[in-house]
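In the text below, chain A, chain B and the rest are named by the order of the sequence lines, each starting its count at 1. Everything quoted here is computed from the prediction, not taken from an experiment.
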Protein chains: 2
Amino acid sequence: MSIVERRRREKEALSSRILTTAWQIVKEEGWQSLSIRKIADAVEYSVPVIYDYFENKEAILLEFGKQGFELVIKKLKAARNTSADPAEQLKAIANAYWNFAFKNKEYYQLMWGLSIPCCEMDKCIPERSVFKDLIMEPMTAIIEKGKNKNVQACIKYHTFWSILHGLISIKMVAPPGDTEELNKLVLDDAIAGFIKNLSS
Amino acid sequence: MSIVERRRREKEALSSRILTTAWQIVKEEGWQSLSIRKIADAVEYSVPVIYDYFENKEAILLEFGKQGFELVIKKLKAARNTSADPAEQLKAIANAYWNFAFKNKEYYQLMWGLSIPCCEMDKCIPERSVFKDLIMEPMTAIIEKGKNKNVQACIKYHTFWSILHGLISIKMVAPPGDTEELNKLVLDDAIAGFIKNLSS
DNA sequence: ATAAATTACCTAACGGTGTTAGCAAAAGTA
DNA sequence: TACTTTTGCTAACACCGTTAGGTAATTTAT
């Protein structure tokens, strides 16, 4: 029964070769330029073979979406664990997210771009609540320690994401006029202001 | 010499008919579904005729981009003029931008989506500085009146846009779970917090 | 070992996209 | 009327995602 095992391994090997090849194309030419035909060409198989391994193009994109979410959640968790102070945690999370976005533009574009409908993207997120928990925990801690405990955490949660996502998505397509230092300054200032408002 | 004039009018008529038809398709089926062939079909001309009026598809999209920027700038100016108080002006501008985005999803998607490269989009903006001036004026006024005059306005400008754009772009693709009232609450809270930080 | 069934893989196509070459007919000009 | 310009068309090119259908190789069953 080892033959069937070998075949399974071969299938998996090609499956991951398709993914790595696709990723290479994306890295070199961008998402827009990724096509089934190009992948098939690169892995030296005919086009329909790709469909034996992935239902369609979107399935391939979703696979990368999963990878992206896994990576960013790992980064955010690591960032949180660098400190026990909630405010520092929040800052670290924001920084980690920022770094993830710019070090992995391809992932970020896929995850937040228009490439995939949002509802489809939900399939990528391991647990829907992981994101929220990661941010809500330090946030509520800050509110608790602050002067005004009536702050509505769920509203602030949205605000936090808005600042982060908004700034990144603007800077992602911005002309190279703005230096990276300035952008980081803007982020720090925005997050600092946000935290200040949380505990006042 | 009136014949040439009539012909010029006819050309312009078809040109704008192409645009209105395209817009109708976008409204009904979304940007993704807009194609030269569909436009040609709808205006009852063959495909290459479209290319006599627009250099390519992007030229058509840019035309809508222009329209979008003109409209939003008009709305923002009107919003500013509703009050003489800088803080109220800023709030009004944020609200106007929010309303523009949700009442004109098609424009917003085109202007900030990945449909058009950002550098190309610059061609759409009548004056590059209009946006910045509109927001910087009330912002610097608030800073001047506040306690800490050392706030760097240009950094805050980026923050303002981040909050606004970030929140909208998140809500634009969000599942219908969040009510419109909640979203507006989040916006108001975020802008209020921003203004508070400006003058402290 | 031979026959049957399964699997792997291919060519070729369908219907779609943006874009363009080249030609025929109509309209305007001399 | 003859010439020139404009107008609009058909047909094609090179792509895209996707699939139908067939062939050859491999595995399984007899």
Side-chain angles (χ1 to χ4, degrees), chain A residues 1-19 21-26 28-65 110 113-117 120, chain B residues 1-19 21-23 25-26 28-65 109-110 113-117 120:
Chain A
M1 293 294 169
S2 177
I3 285 170
V4 64
E5 179 60 23
R6 193 209 70 217
R7 296 252 267 179
R8 205 194 53 77
R9 262 189 289 118
E10 281 177 5
K11 256 199 107 95
E12 200 161 308
L14 181 50
S15 174
S16 72
R17 203 153 74 81
I18 288 171
L19 286 178
T21 304
W23 187 247
Q24 206 173 319
I25 294 170
V26 170
E28 282 166 10
E29 308 173 43
W31 286 111
Q32 287 175 332
S33 192
L34 180 69
S35 76
I36 301 285
R37 279 178 168 82
K38 257 185 203 160
I39 298 171
D41 230 57
V43 296
E44 292 175 302
Y45 278 91
S46 71
V47 170
V49 171
I50 309 295
Y51 287 88
D52 293 338
Y53 293 82
F54 297 93
E55 201 185 339
N56 48 33
K57 191 182 180 182
E58 191 167 292
I60 297 174
L61 299 185
L62 282 172
E63 206 58 47
F64 289 124
L110 178 66
L114 303 179
S115 316
I116 295 183
E120 295 296 322
Chain B
M1 293 292 171
S2 178
I3 284 169
V4 66
E5 179 59 25
R6 192 207 72 218
R7 297 251 267 177
R8 205 194 53 76
R9 264 189 289 119
E10 280 175 5
K11 255 198 109 95
E12 200 161 308
L14 181 49
S15 174
S16 71
R17 202 152 76 82
I18 289 171
L19 286 178
T21 304
W23 187 247
I25 293 169
V26 170
E28 281 165 13
E29 309 173 42
W31 286 110
Q32 287 175 332
S33 192
L34 181 69
S35 77
I36 301 285
R37 279 179 168 82
K38 256 184 204 161
I39 298 171
D41 231 56
V43 297
E44 292 175 300
Y45 277 90
S46 71
V47 169
V49 171
I50 309 296
Y51 287 87
D52 291 339
Y53 292 82
F54 297 93
E55 201 183 340
N56 48 31
K57 191 182 179 180
E58 192 168 292
I60 296 175
L61 299 185
L62 282 172
E63 206 56 48
F64 289 123
Q109 285 165 9
L110 177 68
L114 304 177
S115 317
I116 295 182
E120 295 296 322

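- Within 6.0 Å of the CD atom in Glu12(B), the count of heavy atoms belonging to other residues, nucleotides or ligands does not exceed 12.
- Summarising the local packing, CD of Glu44(A) is surrounded by 12 or fewer heavy atoms from other residues, nucleotides or ligands at distances under 6.0 Å.
- Summarising the local packing, CD of Glu55(B) is surrounded by 12 or fewer heavy atoms from other residues, nucleotides or ligands at distances under 6.0 Å.
- One can place CD1 of Ile60(A) at 9 Å from P of dG17(D), the figure rounded to the nearest angstrom.
- Computed from coordinates, the Asp52(A) CG to dT19(D) C1' distance equals 11 Å when rounded to whole Å.
- Lys11(A) places its NZ atom 11 Å from the C1' atom of dC9(C), with the value rounded to the nearest Å.
- Ile25(A) places its CD1 atom 10 Å from the P atom of dC16(D), with the value rounded to the nearest Å.
- By the side-chain contact (heavy atoms from CB on, under 4.5 Å) test, Ser46(B) pairs with Pro48(B), Val49(B), sequence neighbours left out.
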- Message: Strictly under 4.0 angstrom, non-hydrogen atoms only: write out the protein contact profile of nucleotides 10-19 of chain C, one letter per nucleotide from the 5' end, B, S or -.
- Response: BB-B---BBB
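- Distance OH (Tyr53(B)) to C1' (dG8(D)): 9 Å, rounded to an integer number of Å.
- Checked against side-chain contact (heavy atoms from CB on, under 4.5 Å), Thr21(B) has the following partners two or more places apart in sequence or in another chain: Arg17(B), Ile25(B), Ala42(B), Val43(B).
- Whole-Å rounding puts the Leu62(A) CG to dG17(D) P distance at 15 Å.
- Between Phe64(A) and Trp23(A), the ring planes lie tilted relative to each other; the angle falls in the 30° to 60° range.
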